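We name chains A, B, ... by the order of the sequence lines, and we start the count at 1 in each one. None of the values given here were measured: they were computed from a predicted structure.
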Amino acid sequence: MYTQGLDNLGQQPATSGSAAASGTNSISAEERARLESLFQARVDLDERIEPKDWMPDAYRQTLIRQISQHAHSEIVGMLPEGNWITRAPSLRRKAVLIAKVQDEGGHGAYLYSAAETLGISRDEMMDQLLSGAAKYSSIFNYPTPTWADVGAIGWLVDGAAIINQIPLCRCSYGPYARAMVRVCKEESFHQRQGFEIMLTLSRGSPSQKAMAQAALNRWWWPSLMMFGPNDAESKHSAQSMRWKIKRFSNDELRQRFIDNTVPQAEFLGLSIPDPKIRWNEASGHFESGEIDWTEFFEVIKGNGPCNRERLEARRNAHADGAWVREAALAYAAKRRSDPITRAA
Amino acid sequence: MNGAPDPGAAVADAVRFEYMLRLADTSLILGQRLGEWVGHAPALEEDLGFGNLALDFIGQARLLLSYAGSIEGRDRSEDDLAFLRDGPEFRNFTLVEQPNVDFGHTIVRQYFIDVFQNLLFEALSASTDAQLAAIAAKALKESQYHLRFSTNWLRRLGDGTAESRRRVQDAADRLIRFTPEFFEADAVEQAACTGGISPDLEKLRGAWNSEVARTFREATLDLPKPQHGAPVGKRGDHSEYLGYILAEMQYMQRAYPGASW
Amino acid sequence: MTTEQWPLYEVFIRSKGGLDHKHVGSVHAADASMAIEHARDVYTRRLEGVSIWVVRSSDIVASDPQEAGALFDPARDKVYRHPTFYDIPDEVKNL
C-alpha cells in the first residue's frame with residue numbers, strides 16, 4: 001500500500017551505483033540540459049520511460065525511493081493482518097485472509113522487482129528497511145488488537161491505497177506502471193473483503209457492532225494521513241507531478257476517499273469519529289475536520305505504537321532465515337560444479 | 001450415477017465420518033501451523049510459498065469437514081467442527097501438531113506428510129466413495145506440488161551447508177517417531193479399506209519408505225529408524241501442542257458463542 | 001548486513017494456450033528450479049499461467065535504446081509490410 005506522504009526529494013540516501021549507471025557524471029552541462037528537455041518532452045507526451053532509457057538522476061533516485069518505500073509498506077503491511085491468520089473466526093475468513101496477506105507479499109515482490117530495474121538491489125533495499133533507514137507507510141505501525149481491525153484495514157486502508165494507486169497505473173516509468181496495474185487488479189478484492197467483515201460485524205451482536213465501531217475510531221484518522229501532508233505542506237510535489245510520478249495532489253485524493261467512505265460508513269450504521277463531517281451541497285463534497293499532524297510525524301519518525309515491533313519482526317525473520325538462504329546458495333554452487341547432478 | 005448401490009455406502013456412516021475427520025483434521029492443523037509462517041519466512045518468496053501451502057490445506061480441510069458434517073447428519077458445519085470440538089475429538093496425525101521450530105523442521109515435517117499424502121490421495125482418487133474420490137483428485141494435484149517444494153528444499157538443506165544439514169538431520173531424528181502412525185491401520189481404517197473407501201495402508205508403507213530413503217540419500221542425510229510410543233493423534237491421543245493450537249484457533253468462536261462471522 | 005544474494009531471474013508467463021510468453025517481472029532464487037517455484041508463487045496466484053519461463057537476468061541481451069533509430073526506423077519506411085499498403089477492391093473477400 002502506498003502513501004503519498006513519503007515522496008520527499010533528496011532527503012534520504014538512495015543507492016550507491018546510480019550515478020555511474022546513468023553515466024550523468026561524464027557529460028557536459030549543455031548535453032545534460034538537452035537530454036533533460038528530450039526526456040521531459042517524452043514524459044509530456046505520456047510516453048513510458050523504460051529501464052535502459054536515459055533519465056535524470058533525480059528522477060531515478062526519486063523513483064527508487066518511492067517504489068522501494070511502497071514495496072516496504074506492502075511487506076510490513078503483512079504483519080498487522082498476518083497476526084490474525086491463526087485466530088480468524090471462521091475457516092472462510094482464514095482462507096481469505098491468508099490470500100490477502102499473500103497478495104500483499106506479492107505486491108511487495110512486484111515492486112522490489114520494478115525498483116531493481118533502476119539499479120538498486122533487493123539486498124540493498126532490505127538493508128535499508130531493516131536498519132530503519134528506509135521509510136514505509138506509517139499506517140502499519142498501528143496495532144490490530146481485535147478482529148474488527150482486520151475489517152477496518154481492508155475497508156479503509158486498502159480503500160485509501162486504491163485511490164493512491166490507480167493514478168500510478170499511468171505513471172511515467174514503465175515497470176512501476178505495469179506493476180501497479182497488477183496490484184490494482186488484485187486490490188479491489190481486499191477492500192471488499194474488509195467491508196464485508198465490517199458489514200457482518202455491524203449486523204451482528206451488540207458486542208460485535210461495538211467492536212466494529214471501536215476499530216473505525218482507531219483507523220479513520222490514520223487512513224486520512226495515508227494521503228500525506230496537506231498540499232500547502234508538500235514542498236516536492238511539483239517536480240513529481242511534472243515527471244508524472246505523482247498525478248494528483250494529496251488533498252484531492254484525500255477528498256475523494258472521504259467522499260467515497262462517508263456513505264459507506266452510513267450504510268454500515270457506524271459513525272465516523274469526526275464531528276465536522278458534513279455534506280456541502282455547494283461544493284459537492286463532504287467537509288471534514290483538521291488532521292492532527294503531530295501524531296503523523298511522530299509515527300513517521302519511528303515513535304508509533306508498533307514501529308519497533310514491526311521492524312523487529314522483519315529483522316528476526318531475516319536473521320533467522322540467513323542459514324536457509326546460505327544453504328540454498330551452497331547447494332546451487334555444488335550443482336554448478338557437478339553437471340551430472342542437476343536440481344529437478 | 002447409474003442407480004447401482006454405492007459399495008462405499010455399505011461402510012457404516014459412523015466409520016466414514018471418523019475417516020473423513022482424520023483426513024480433514026490433518027489438513028486443518030497442518031494449514032494452521034503453516035499459517036503461522038506468513039510474514040516470518042526466510043525470504044519474501046517463501047512467505048508466499050507457505051501461504052500457498054496453507055491455503056491448499058485449509059481448502060482441503062473445508063471440503064472434508066463439510067463432507068464429514070453431512071455424513072454425520074447432525075447439522076454440524078465446517079466451522080462447528082473446526083471451532084467447537086475439543087482436543088480429544090480431533091483426529092489429525094500427531095506429526096502435524098508439532099511446532100514449526102525453524103525452516104528445517106517445517107520442511108522435514110512437510111516432506112514426511114507430502115510423500116504420504118501423494119500416495120494416499122492417489123489411492124483415494126479411486127475410492128468407492130465418489131465424493132471423497134473427487135476431493136482426493138483435487139488434493140492430489142496440490143500434493144504433487146507440495147512434494148516438489150518440500151523435496152527440493154530437503155535436498156537444498158541436507159546438501160547445503162554444515163549448519164543446514166545439522167538442523168534438518170536433527171529435525172528428522174525428532175520427527176520420524178510420528179510417522180509409523182501413517183501406516184498402522186486400526187478398526188476404522190480396516191473397515192474403510194474393506195468397503196473400498198480407502199487403500200490398504202500396508203501397501204503404502206513400502207512406497208513411502210523407499211521414496212523417503214532415496215531422497216534422504218540424495219540430501220546426504222541419515223534416515224533414522226522410528227521409535228514407537230508417540231501418541232496416536234488419529235485416535236484422539238494428542239501431544240500437548242494441540243491444546244495450544246486450538247486455544248488460539250478457536251478463541252474467537254469460544255469468546256463470542258453463537259455469533260456470525 | 002546481508003552479503004548473500006540470490007541471483008535475479010526474469011519471468012515470462014504464457015497465460016493461455018495460443019498466446020506468447022509475456023514478461024511479467026522478476027524473482028530472486030538460488031537456482032532455476034527454485035526460480036520456477038517462486039515465479040509460480042508470485043505471478044500465478046490467480047491461475048495466470050500455463051507455462052513459465054525463467055531466465056537469469058544476466059543472460060538477457062538487450063538492444064540499446066540509443067540504437068533504436070538504426071534498428072527500427074528503416075522498418076518504418078517499409079510500408080509494403082503492412083496490410084493497409086495494398087488497395088484491394090471491397091468485393092474481394094477473405095483478404
Engineer: So, do Arg335(A) and Asp159(B) sit near enough that their side-chain heavy atoms are less than 4.5 Å apart?
Structural biologist: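 Yes; the side chains approach each other to less than 4.5 Å.
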Engineer: For Thr86(A) and Glu248(B), which I'm curious about, is there any donor-acceptor pair between the side chains at under 3.5 Å?
Structural biologist: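 There is such a pair (donor and acceptor under 3.5 Å, judged by atom type) between the side chains of Thr86(A) and Glu248(B).
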Engineer: Tell me, do Ile85(A) and Gln32(B) make a side-chain contact under 4.5 Å, heavy atoms counted?
Structural biologist: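 Side chain of Ile85(A) against side chain of Gln32(B), heavy atoms only: no contact under 4.5 Å found.
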Engineer: Salt bridge or not between Asp47(B) and Arg314(A)? Use side-chain N to carboxylate O under 4.0 Å.
Structural biologist: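 A salt bridge links Asp47(B) with Arg314(A).
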Engineer: Can you tell me which portion of Arg87(A) sits under 4.5 Å from chain B's heavy atoms? Options are side chain, backbone, both or neither.
Structural biologist: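 When you check distances to chain B, atoms from both the backbone and side chain of Arg87(A) fall under 4.5 Å.
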Engineer: Contact part of Leu201(A) toward chain B, heavy-atom cut-off under 4.5 Å: side chain, backbone, both or neither?
Structural biologist: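 Contact with chain B involves the side chain of Leu201(A) alone.
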Engineer: Answer with side chain, backbone, both or neither: which region of Ala88(A) has an atom nearer than 4.5 Å to a non-hydrogen atom of chain B?
Structural biologist: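 Backbone only.
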Engineer: Who in residues 202-210 of chain A is close to chain B, using a strict under-4.5 Å heavy-atom cut-off?
Structural biologist: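 So the qualifying residues are Ser207(A), Gln208(A).
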Engineer: Non-hydrogen atoms of chain A under 4.5 Å away: do they reach the side chain of Trp153(B), the backbone, both or neither?
Structural biologist: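 For Trp153(B), the contact with chain A is made by the side chain alone.
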Engineer: Answer with side chain, backbone, both or neither: which region of Val324(A) has an atom nearer than 4.5 Å to a non-hydrogen atom of chain B?
Structural biologist: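 Backbone plus side chain of Val324(A), per the 4.5 Å heavy-atom cut-off to chain B.
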Engineer: Just give me the residue among Ala332(A), Ala319(A), Ala95(A), Gly82(A) that pairs up with chain B most often, heavy atom to heavy atom, under 4.5 Å.
Structural biologist: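 Max contact count across the listed options: Ala95(A).
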Engineer: Short question: side chain of Arg62(B), backbone of Leu91(A) - any donor-acceptor pair under 3.5 Å?
Structural biologist: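 Pair absent, no side-chain N/O of Arg62(B) close to backbone of Leu91(A).
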Engineer: For Pro42(B), does its backbone N or O pair with a side-chain atom of Arg325(A) as donor and acceptor, under 3.5 Å?
Structural biologist: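 Yes, the answer is positive, given that a donor and an acceptor are paired below the 3.5 Å cut-off.
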Engineer: Taking all heavy atoms of Leu48(B) and all of Gln102(A), pick out the closest pair and write down the distance.
Structural biologist: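 Nearest heavy atoms, Leu48(B) then Gln102(A): O-NE2, 2.6 Å.
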